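Small disclaimer: the values here were computed from a predicted structure and weren't measured. Heads up: numbering here begins at 1 and tracks the sequence.
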Amino acid sequence: MRVVIPENNNKVMAMSFYPKEAYGLFGKYSTKTIAHTLKTYSEFTTPYPYPVAQSIDANNAMEYPMICFNKGRTEKDGTYSEATKNEMVGIIIHEVGHNFFPMIINSDERQWTWMDEGLNTFIEYLTEERWDNKFPSKRGPAWAIVDYMKLPKDQLEPIMTNSENIEHFGPNAYAKPATALNILRETIMGRALFDKAIKTYAKRWAFKTPEPADFFRTIEDASGEDLDWFWRGWFYGTDPVDIAIDKVTIAAPDLDAIPTTKEEIYTIEKPLQNEFQDISKIRNREDKNITFFVDKDKKLQDFYYRYDRGEEKIDNNKEYTEKVDNITSLDNKDKEKLKKITAYQIDFVNKGGLVMPIILEFTFEDGTKLYDKSSAQIWRLNEQKVSKTYYFDKKLKSIQLDPMKETADIDTSNNFWSNDGSTSEISKFQVFKQKQQQAVRGGSNGKINPMQAAGKK
C-alpha cells in the first residue's frame with residue numbers, strides 16, 4: 001500500500017508479510033496500521049524519510065530500521081477476540097513507531113530507555129487514539145498508571161534511572177513517561193502548545209543523539225514554559241499525586257452589620273540602625289580611603305540623617321491613636337446585590353508530594369455545574385497545603401477534585417466534598433494473584449470469543 005507523507009511528499013511503500021494462519025487478522029489490519037502509524041507519527045514528530053516500512057507476522061515483537069516483527073493470528077476457525085485484535089494493532093503501531101524513536105531521533109536506549117520506549121509509547125498512544133475512539137489504550141491515560149504509583153517507595157525508581165537498575169521495567173520505562181507527557185499535553189500545557197513543542201524536539205534532534213537535558217530544554221524552549229517542577233516531580237522523583245480536599249469553610253455576608261470605628265494604637269519607630277554592626281560596616285568606617293557619599297554632600301543630611309545618629313530626639317514610648325471611621329452601612333441596592341452570595345474557602349493538602357494543577361467540578365443545588373482549574377503554580381509558595389476561596393450566588397451541593405482523573409491521583413476517596421457531609425461511595429474489590437496461561441500466537445486460551453458466540457468471522 002502506497003503511503004504519501006504530506007509534509008515531505010515522501011511516497012512510502014507499506015508492506016506486510018504473513019502466512020495463511022494470519023490472513024483473517026494480520027492480513028486485514030497490518031498494512032493499514034502501518035499506513036496510519038506513518039502518517040500520525042509524521043504529523044506529531046518529523047516526516048518519515050525512508051522508502052519502505054514492513055511488518056512481518058511472528059510470535060513476538062521486535063523493531064529494526066524499516067522492518068519489524070509483530071504477532072496477530074486468528075483461531076483455527078478464523079475468529080479472533082477483540083483483545084487479540086487490539087493487541088496486534090497496538091504492537092504494530094509501537095514497533096513501526098520505533099522507526100522514529102530511536103531510529104531517527106537516535107537516543108541511547110541502554111542508558112535512558114524512556115527516551116526510546118517512553119516517547120514511542122506516548123506517540124503510540126496518540127496514534128491509537130486516532131485509530132479508534134474506543135481503543136483500550138493501557139499506557140498513556142493518567143488513571144492507568146495509578147496502581148504503579150501506589151507501590152511502596154522501595155519498589156520504585158525515578159524515570160531518570162539507568163535501565164539496568166529498573167525493577168518494574170514496563171511501568172517505569174514505558175507507561176510512566178507516556179503518562180507524564182500525556183498529562184503535560186492535556187492538563188498542563190494544552191494540546192496546541194505541547195504539539196508544537198514535541199514536534200520541535202523531533203525535528204531539531206532528528207538524525208542526532210539527544211540526551212534527557214536536550215529533551216527538557218527543547219520542550220521549554222519551544223513552548224516558553226518553565227517546567228522545572230514537572231521534570232523534577234515526574235522524571236527525577238518517585239512521589240505520587242495525592243491531593244486532598246482537607247476542609248471546606250462556608251461563610252455568608254452579614255448584611256445588617258453595624259459599622260464601628262476602628263482604632264489602632266502605635267508608637268513612633270526607632271532609628272533604622274542595624275542591631276548588629278557587621279564586619280563590613282566596621283571595616284568601612286576604619287578604612288581611611290572611604291568617604292561616605294552623604295558625608296561629602298551636606299544637602300543629603302536631612303532629618304533622618306540626624307535622627308539615626310541621635311541628633312534628633314523623639315519619645316519612642318509615646319502612644320498615638322489612629323482612627324478609621326469612614327465606614328458606612330450598606331444601602332438597599334448593595335444588600336440586594338450581595339444577599340445571595342456565599343463564600344467557600346477550600347483547603348487542599350498535598351499528601352502525595354507531587355504537585356499538579358487543582359481541577360474542580362462544582363455542582364450546585366439547582367443541578368448546574370461549573371469547572372475551574374488552577375495551574376500547578378498555586379503550590380509555588382507552599383507545596384504541602386494551599387487554600388482558595390470562591391464566591392457563588394447560588395448554593396453549592398458538592399465539590400469534586402480531578403473529576404476526569406487527569407492527574408493520576410492515587411487516592412480519590414479524599415477528592416469529594418458534599419454540603420450534607422457525605423463522601424463519594426468507595427467500593428471494595430478482591431485482590432488476588434493467579435498464574436496466567438500462556439496464549440499460543442494470539443489464541444484465546446480456550447475461551448469462546450464474541451465472534452464465535454455470534455457465529456461470525
- Do NZ/NE/NH1/NH2 and the carboxylate oxygens of Asp402 and Lys405 come within less than 4.0 Å? no

- Are Lys199 and Glu7 ion-paired here, with the side-chain N under 4.0 Å from a carboxylate O? yes

Are a donor atom and an acceptor atom from the side chains of [X] and [Y] found within less than 3.5 Å of each other?
X: Trp205; Y: Thr218; result: yes
X: Thr407; Y: Asp409; result: no
X: Asp116; Y: His98; result: yes
X: Ser374; Y: Lys388; result: yes

- Item | Within 45° cone and under 6.0 Å: Lys394 NZ/CZ vs Phe364 ring | yes

- Query: For the side chain to side chain donor-acceptor pair (under 3.5 Å) test, which of Asn120, Asn99, Thr127 pairs with Tyr41?
  - Reply: Asn120

- Return the set of residues passing side-chain contact (heavy atoms from CB on, under 4.5 Å) with Pro152 (not counting sequence neighbours), or none when no residue passes. Asp154, Gln155

- Item | Results of side-chain contact (heavy atoms from CB on, under 4.5 Å) for Arg130 - residues two or more places apart only | His36, Thr40, Glu43, Phe44

- Message: Among Phe235, Trp231, Trp112, exactly one meets side-chain contact (heavy atoms from CB on, under 4.5 Å) together with Ile159. Which residue is that?
- Response: Phe235

- Task: Any side-chain hydrogen bond (donor to acceptor under 3.5 Å, both in side chains) involving residues 133-147? Give me the pairs, sequence neighbours left out, ordered by first then second residue.
- Result: Glu128-Ser137

- Would you check if the side chain of Asn9 reaches a backbone N or O of Val4 as a donor-acceptor pair within less than 3.5 Å? no

